[in-house]
Every structure is written in structure tokens, then in C-alpha cells.
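These numbers come from the heavy atoms of this one structure, side chains and all, not from hydrogens, waters or symmetry mates. A quick note: this is a predicted structure, and the numbers were derived from the prediction, not measured.
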Amino acid sequence: MPVPRRYVTDAIVLSRFDLGEADRVLTLITPELGKLKAIAKGIRRPASRLGGSLEPFAELTVALARGRTFDVVTEVRVGHAWLRLRDDLERAATAWYLAELADRSLEERHSAEAQYALLHRAYELLDAGMDPGRVARWYEMHLADELGQRPEVDRCVECDRRLEEDETFRWVPALGGLLCAAHPGPPAERTNLSRDALKLLKAYRHRPIEEVCALRLPPEVESEVEAAMRAFVRHSLEREARSLDFLDEVRGR
Ligand SMILES: [Zn+2]
């Protein structure tokens, strides 16, 4: 799709860095154009018209002009400001983590409507006070799905057999999910998964997030599922997300 010289799009800021004396380069996610980099010229001057509205944790309407290296932001309007994301450190750190996952997993200028909608929903949920850990797990599960790497939580990835309740199985991110006991292999790449953890993974996969957030669960089960999904994401991205260090620090881990 050819992009006109000037265009307007909804966008969420994924990351940013300062450039030169007063400029800032932003990575945006947009529904139709996917991820793109844009420059906000002079934004760090006190008199800048773009001012404080070009911030993360908000859905923006951004007017841009095509540029040689980066497109240039000419106007910004705030659509939804998810203000509660800013008030709480764990929510904010989780929001950065989700943005990093989107940033790392998207190619520039490829339509990303589903990924955009997913991040939008996750920010709404965080803003509405849902548990940040559960929102993060739900997002990881569905982002992987949108990227064509849906974690297999119902069948064995090798023999495609639906697993029974009383079977033992392992979690193997490199293979895409659950593996039954019929397939031996080096233990380092396979972790045992408790039945309760599997139930929770299935809930993230198949149940609406509101329902998952209402579940009462022992912290060990949540930790197990967090470790399983982190391993899965690390494998998909081929490295650990940088923002996890900050998130862990905020949570006192
Ligand atoms: Zn099998």
C-alpha cells in the first residue's frame, strides 16, 4: 500500500530516544502501517507544540509527513490516556515490557491490526486495575498466537495426541509447547509442568481475560506459568526482553 506524503494514523508509542539537542525519535505501533519510526523535531524545547502529548501509555492520533530517514510528526492528539499506567510502578514496568515485546516481534511497515488491538486491550486492562502479571501472561500467549507461534497447550507437539488429565507431560518452548512422556530427550530443554500450571496455561489460551483475572490461584502456580511463558517468549524472540530486569526489580525479585 503506497503511503501518501502526509497521513494521519492512530498510534501507541513503543519506545523513544532523544536525538541531538531537542529532537526525539519514536517507535510507534499503528494498525495499518504496523511498526514505524518517526521523529518529533524540537519536542524537547519548552515551547514545542507537540509537547507532552507524544508519550507512551496513550492511544494517540498522529499526523506525519514522509521524511527521508524517519517520517516527521506534525501534530498529535491524545485519544485515550491510560493515566493509571503511570501512577503505579509495576503497572508502568509491565506496560513497558508489553511494548518491548511488540517492538521486538514486529517488522516495520507491515500491517499489525491484531497486534495493535492486543496491546490496546492490554493497556486498557492494566489501566482498569487488572492484575499486571495476569495481563502480561495473557498478552504473551495471544501475541505468540498472532505471530503464528501459538503455544500448544492441549496436544503433544510430537504425536499430536490430546493429552489426558492423568498423563505426565513437559513444557518444551523449542518445540512449541507440551510434549508427552513418549519422547525422551535432554532434560535441560524440557521442564515438568504441574497439572495446575497446565490448567492455567489452558485458561490463558481459551478463556476470556476477565475470567482468568477472577481466578484465585496459589502463587507457586502463577510463578510456574510465568517461568513457562517467559521461556516461551525468550525462545520466540531468541533472547530475553531487556525490560524484564526492571520489572523484576520493581516487583522486588
Ligand atoms: Zn507425544
Side-chain angles (χ1 to χ4, degrees), residues 12 29 31 59 80 82 84-85 88 90-91 93-95 97-102 105-106 112-157 159-173 175-180 191-237 241 244 247 251:
I12 299 171
I29 181 174
E59 179 175 55
H80 292 95
W82 293 300
R84 286 179 54 182
L85 289 190
D88 175 88
E90 186 179 352
R91 277 177 211 294
T94 302
Y97 169 60
L98 305 188
E100 185 186 351
L101 293 190
S105 54
L106 296 176
E113 292 191 27
Q115 291 90 339
Y116 184 88
L118 192 62
L119 186 65
H120 189 287
R121 182 83 182 109
Y123 281 5
E124 270 177 354
L125 293 166
L126 287 173
D127 191 58
M130 295 269 188
D131 181 86
R134 299 219 182 150
V135 174
R137 300 296 84 72
W138 173 82
Y139 180 85
E140 289 163 343
M141 180 68 83
H142 290 274
L143 182 66
D145 197 358
E146 294 301 343
L147 298 170
Q149 302 177 7
R150 171 188 299 183
E152 180 55 68
V153 296
D154 299 304
R155 295 169 174 277
C156 171
V157 290
C159 55
D160 197 35
R161 209 163 41 77
R162 185 167 280 276
L163 297 176
E164 304 296 334
E165 282 261 325
D166 56 355
E167 277 190 71
T168 56
F169 33 73
R170 285 149 303 158
W171 182 247
V172 190
L175 295 177
L178 290 182
L179 190 68
C180 80
T191 44
N192 291 321
L193 206 57
S194 72
R195 254 164 230 151
D196 286 342
L198 180 59
K199 270 191 200 152
L200 182 53
L201 280 169
K202 283 177 192 269
Y204 281 120
R205 175 82 196 80
H206 299 296
R207 310 307 309 164
I209 177 65
E210 293 80 359
E211 225 173 271
V212 184
C213 281
L215 297 173
R216 293 178 71 97
L217 297 160
E220 316 83 78
V221 176
E222 301 224 50
S223 304
E224 204 184 337
V225 166
E226 179 175 347
M229 284 311 295
R230 275 195 185 190
F232 196 92
V233 168
R234 188 165 55 236
H235 190 266
S236 311
L237 297 179
L244 276 178
L247 180 56
R251 293 159 75 204

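Looking at residues two or more places apart in sequence or on another chain, you find a side-chain contact (heavy atoms from CB on, under 4.5 Å) between Cys159 and Cys156, Arg161, Cys180, His183. Partners of Glu220 by side-chain contact (heavy atoms from CB on, under 4.5 Å), not counting sequence neighbours, listed by chain and number: Pro218. With sequence neighbours left out, the side-chain contact (heavy atoms from CB on, under 4.5 Å) criterion links Glu152 to Asp154, Arg155, Val157. Every residue two or more places apart in sequence or in another chain that forms a side-chain contact (heavy atoms from CB on, under 4.5 Å) with Arg150 is listed here: Asp145, Arg205. The side-chain hydrogen bond (donor to acceptor under 3.5 Å, both in side chains) search around Ser223 returns none, not counting sequence neighbours. Judged as a salt bridge (Lys or Arg N to Asp or Glu O under 4.0 Å), and not counting sequence neighbours, the contacts of Glu124 are Arg121. Judged as a ring pair (Phe, Tyr, Trp, His ring centres under 6.0 Å), and not counting sequence neighbours, His235 has no contacts. Annotation: salt bridge (Lys or Arg N to Asp or Glu O under 4.0 Å) contacts of Glu165 (sequence neighbours excluded): none. Residues forming a ring pair (Phe, Tyr, Trp, His ring centres under 6.0 Å) with Phe232 (at least two apart in sequence, or on another chain): Trp171. With sequence neighbours excluded, the residues forming a salt bridge (Lys or Arg N to Asp or Glu O under 4.0 Å) with Arg134 are Glu222, listed by chain and number. Every residue two or more places apart in sequence or in another chain was checked for a salt bridge (Lys or Arg N to Asp or Glu O under 4.0 Å) with Arg84, and none qualifies. Residues passing the side-chain hydrogen bond (donor to acceptor under 3.5 Å, both in side chains) test with Tyr123, sequence neighbours excluded: none.
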side-chain contact (heavy atoms from CB on, under 4.5 Å) between Thr168 and Asn192: does it pass, once the steps are laid out? CA-CA 8 Å; Thr168 56; Asn192 291 321; over 6 Å; no
Derivation and outcome, side-chain contact (heavy atoms from CB on, under 4.5 Å), residues Tyr204 and Val225: CA-CA 10 Å; Tyr204 281 120; Val225 166; 3.9 Å; yes
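With contacts defined as side-chain heavy-atom distances shorter than 4.5 Å, the pair Val135/Arg91 does not qualify.
Here Leu198 contributes atom CG and Glu224 contributes atom CD; the two are 9.5 Å apart, rounded to the nearest 0.5 Å. Atom CD of Gln149 sits about 8.5 Å away from atom CG of Leu143, to the nearest 0.5 Å. Distance check, rounded to the nearest 0.5 Å: CG of Leu125 to CD1 of Ile209 gives 6.0 Å. For the atom pair CD of Glu90 and CZ of Arg251, the computed distance is 5.5 Å after rounding to the nearest 0.5 Å. The CG atom of Leu244 sits 4.5 Å away from the CZ atom of Arg230 when rounded to the nearest 0.5 Å. To the nearest 0.5 Å, the span separating OH on Tyr139 from CD on Glu146 amounts to 10.0 Å.
Aromatic ring pairs are classed by plane angle as parallel below 30°, tilted from 30° to 60° and perpendicular above 60°; the pair His80 and Trp82 is parallel.
Closest of all the heavy-atom pairs between Arg195 and Phe169 is CG-CZ, 4.3 Å. Shortest non-hydrogen contact noted between Leu201 and Met141 is O-CE, 3.4 Å. Residues Ala136 and Thr94 come closest through the heavy atom pair CB-CG2, 4.1 Å. Contact between Ala241 and Leu101 at its shortest, heavy atoms only, is CB-CD2, 4.2 Å. Shown here for Leu119 and Ala99, the closest heavy-atom pair between the two residues is CD1-N, 4.3 Å. Summarising the geometry of Ser105 relative to Leu147, their closest heavy-atom pair is CB-CD1, 3.3 Å, with the distance given to 0.1 Å.
Under the 3.5 Å distance criterion, the side-chain polar atoms of Glu211 are left unmatched by any main-chain donor or acceptor of Pro208. Although no hydrogens or angles enter the test, the distance criterion places no donor-acceptor pair under 3.5 Å between the side chain of Arg207 and the main chain of Val212. Checked by atom type and distance alone, the side chain of His142 never pairs as donor or acceptor with a backbone atom of Gln115 at under 3.5 Å.
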